[in-house]
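Remarks on the structure that follows.
FYI, side chains are in, hydrogens and waters are out, and symmetry mates aren't considered; it's all heavy atoms of this structure. Note that the structure is predicted; figures quoted are calculated from it, not measured.
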Amino acid sequence: MKQLFDDVSFKCSKLVTKNYSTSFSMAVYMLSPSIRDAIYSIYGFVRFADEIVDSFHGFDKESLITEFEDEYYKSIERGISLNPILNSFQQTVKQYNISDDLIQAFLRSMKLDLIKSDYNSKAEYDEYIYGSADVVGLMCLKVFVAGDNERYDQLKGEAMRLGSAFQKVNFLRDLKDDNLVLNRNYFPGVDLNSFDEKAKTAIINEIEEDFKVAYEGIVKLPIEAKFGVYTAFVYYKKLLKKLENTPCDEIGNARIRVSNYTKAGLLAQSFVTYKLKLV
């Protein structure tokens with residue numbers, strides 16, 4: 001039965017989410033059950049593409065990402081893919097009318113990681129973040145508003161700023177791997193080999209401004225999505241605070257994390273705040 005295969009496909013996307021990101025998986029679990037599978041499928045798609053360009057060393061990454069893209073478009077045309085991650089994603093794309101320009105922008109940024117190591121201007125930096133993060137927020141927003149185009153247009157600016165904030169926190173947290181392993185520097189005008197408090201403070205201030213704008217959108221989200229998105233927001237704010245309190249040399253030499261114990265505390269805190277209707 002096709003339905004059984006589809007069920008397995010969405011379970012595969014859920015498994016990818018749980019294994020690659022405990023924090024994001026926790027946030028998705030706080031969403032309404034009616035939209036969880038769709039968000040899992042989006043994460044599975046973007047995670048596999050990201051893994052191709054970031055992790056599959058020793059393989060022909062360019063061919064892999066091209067084949068991944070080709071198989072996605074075949075799945076859209078056929079309505080099915082034997083790759084369960086693509087099979088679940090193409091269903092979400094069709095059900096929630098996710099526009100192709102968002103997917104193309106995402107894939108463009110992934111391909112940039114194969115050929116570009118430095119982002120020397122704000123325009124290049126903003127373009128990469130739009131494709132790698134903002135559009136992912138917009139894909140999720142398509143699911144959250146369930147076809148309400150007016151609400152989507154009202155919230156898209158804030159959704160993009162939240163995606164930007166998450167991505168910039170990731171850049172700051174992954175400074176060591178991006179610089180030493182992948183030889184990438186996403187921050188224009190910043191020398192990672194002499195990363196200092198002034199540079200770190202400027203980046204953090206930029207992220208804080210993104211979070212400020214993003215929060216204005218979170219409070220307007222449909223009830224099915226608000227608590228889950230707020231949970232992710234609180235986690236990333238905590239991670240940013242930890243990065244702010246970490247010396248620059250430590251950020252450049254180790255990946256900063258939030259402990260599982262702290263994550264549990266943040267979840268409890270978020271739940272109380274949500275139930276008291278403070279968000």
Side-chain angles (χ1 to χ4, degrees), residues 21 23-24 26-32 34-36 38-40 42-43 45-46 92-93 96-106 109 122-123 125-173 186 202-241 243-244 266-267 269-271 273-279:
S21 178
S23 55
F24 189 77
M26 177 180 71
V28 176
Y29 192 73
M30 298 304 118
L31 298 171
S32 167
S34 63
I35 59 174
R36 284 179 200 159
I39 301 302
Y40 285 136
I42 292 171
Y43 183 89
F45 175 80
V46 301
T92 296
V93 168
Y96 293 97
N97 194 29
I98 295 174
S99 58
D100 191 57
D101 64 295
L102 301 181
I103 295 160
Q104 276 297 303
F106 170 74
S109 283
K122 188 176 186 304
Y125 172 66
D126 289 343
E127 180 184 11
Y128 179 84
I129 289 177
Y130 173 76
S132 65
D134 294 4
V135 298
V136 180
L138 293 177
M139 290 182 208
C140 292
L141 183 60
K142 281 283 190 178
V143 175
F144 297 156
V145 302
D148 187 335
N149 291 327
E150 183 177 351
R151 203 168 193 179
Y152 175 82
D153 289 337
Q154 290 172 349
L155 294 173
K156 66 185 297 186
E158 290 93 337
M160 289 168 62
R161 292 295 285 272
L162 187 62
S164 290
F166 287 174
Q167 182 68 297
K168 292 170 189 176
V169 171
N170 288 337
F171 286 164
L172 195 55
R173 178 195 60 187
Y186 294 106
I203 293 168
I204 288 173
N205 289 341
E206 181 182 319
I207 297 170
E208 288 284 11
E209 188 59 31
D210 286 332
F211 274 133
K212 181 180 177 181
V213 175
Y215 181 80
E216 296 172 3
I218 293 173
V219 299
K220 300 173 189 174
L221 283 171
I223 192 170
E224 293 85 356
K226 186 183 293 185
F227 182 44
V229 177
Y230 180 66
T231 299
F233 172 85
V234 169
Y235 165 75
Y236 269 88
K237 286 276 286 184
K238 180 66 174 180
L239 181 55
L240 182 63
K241 190 66 178 176
L243 288 162
E244 183 179 5
L266 292 173
L267 177 59
Q269 172 192 328
S270 301
F271 181 75
T273 302
Y274 178 74
K275 281 299 182 181
L276 291 176
K277 297 184 178 179
L278 299 176
V279 62

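In this structure, the separation between OH on Tyr29 and CZ on Phe227 is 11.5 Å, given to the nearest 0.5 Å. We find the CE-CD1 distance between Met160 and Ile129 to be 11.0 Å, quoted to the nearest 0.5 Å. Separating the CD1 atom in Ile39 from the OG1 atom in Thr92 is a distance of 8.0 Å, to the nearest 0.5 Å. How far CD1 of Ile207 is from CZ of Phe171: 10.0 Å, rounded to the nearest 0.5 Å.
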Take Val28 and Tyr43 through the side chain to side chain contact (heavy atoms under 4.5 Å, CB included) test and state the conclusion after the steps.
-> CA-CA 10 Å; Val28 176; Tyr43 183 89; over 6 Å; no
Walk me through it: do Leu221 and Leu141 pass the test side chain to side chain contact (heavy atoms under 4.5 Å, CB included)?
-> CA-CA 9 Å; Leu221 283 171; Leu141 183 60; 4.1 Å; yes
Could you walk me through whether Ile204 and Leu172 pass the side chain to side chain contact (heavy atoms under 4.5 Å, CB included) test, one step at a time?
-> CA-CA 9 Å; Ile204 288 173; Leu172 195 55; 4.0 Å; yes
Phe45 and Ile103: CA distance, side-chain angles, deciding distance, side chain to side chain contact (heavy atoms under 4.5 Å, CB included) verdict | CA-CA 10 Å; Phe45 175 80; Ile103 295 160; 4.2 Å; yes
Could you pull out every donor-acceptor pair under 3.5 Å between side chains of residues 145-159 and any protein atom, sequence neighbours left out?
from, atom 1, to, atom 2, distance (Å)
Asp148, OD1, Glu150, N, 3.3
Asp148, OD1, Arg151, N, 3.0
Arg151, NH2, Lys220, O, 3.2

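Here the side chain of Arg36 pairs a donor or acceptor atom with the backbone of Leu31 at under 3.5 angstrom. Of the possible donor and acceptor atoms, one in the side chain of Lys226 sits under 3.5 Å from a partner among the backbone N and O of Val219. Between the side chain of Asp134 and the main chain of Ser164, a donor-acceptor pair closer than 3.5 Å is present.
Relative ring orientation between Phe233 and Tyr215 is described as tilted, the plane-to-plane angle lying within the 30° to 60° band.
The closest side-chain heavy-atom distance from Phe211 to Phe166 is below 4.5 Å. Taking 4.5 Å as the limit, some side-chain heavy atom of Leu239 sits within range of a side-chain heavy atom of Tyr235.
Scanning all heavy atoms of the two residues, the minimum distance from Val143 to Tyr96 falls at CA-CD2, 3.6 Å. Considering all non-hydrogen atoms of both residues, Met139 and Leu102 come closest at CE-O, 3.9 Å.
More than 12 heavy atoms of other residues, nucleotides or ligands shown are found within 6.0 angstrom of CD on Glu244.
Residues satisfying the side-chain contact (heavy atoms from CB on, under 4.5 Å) test with Ser109, not counting sequence neighbours, are Tyr128, Ser132.
Sorted by first then second residue, the side-chain hydrogen bond (donor to acceptor under 3.5 Å, both in side chains) pairs that include residues 202-214, not counting sequence neighbours, are Tyr125-Glu206, Arg161-Asp210, Lys168-Glu206, Lys168-Asp210, Glu208-Lys237.
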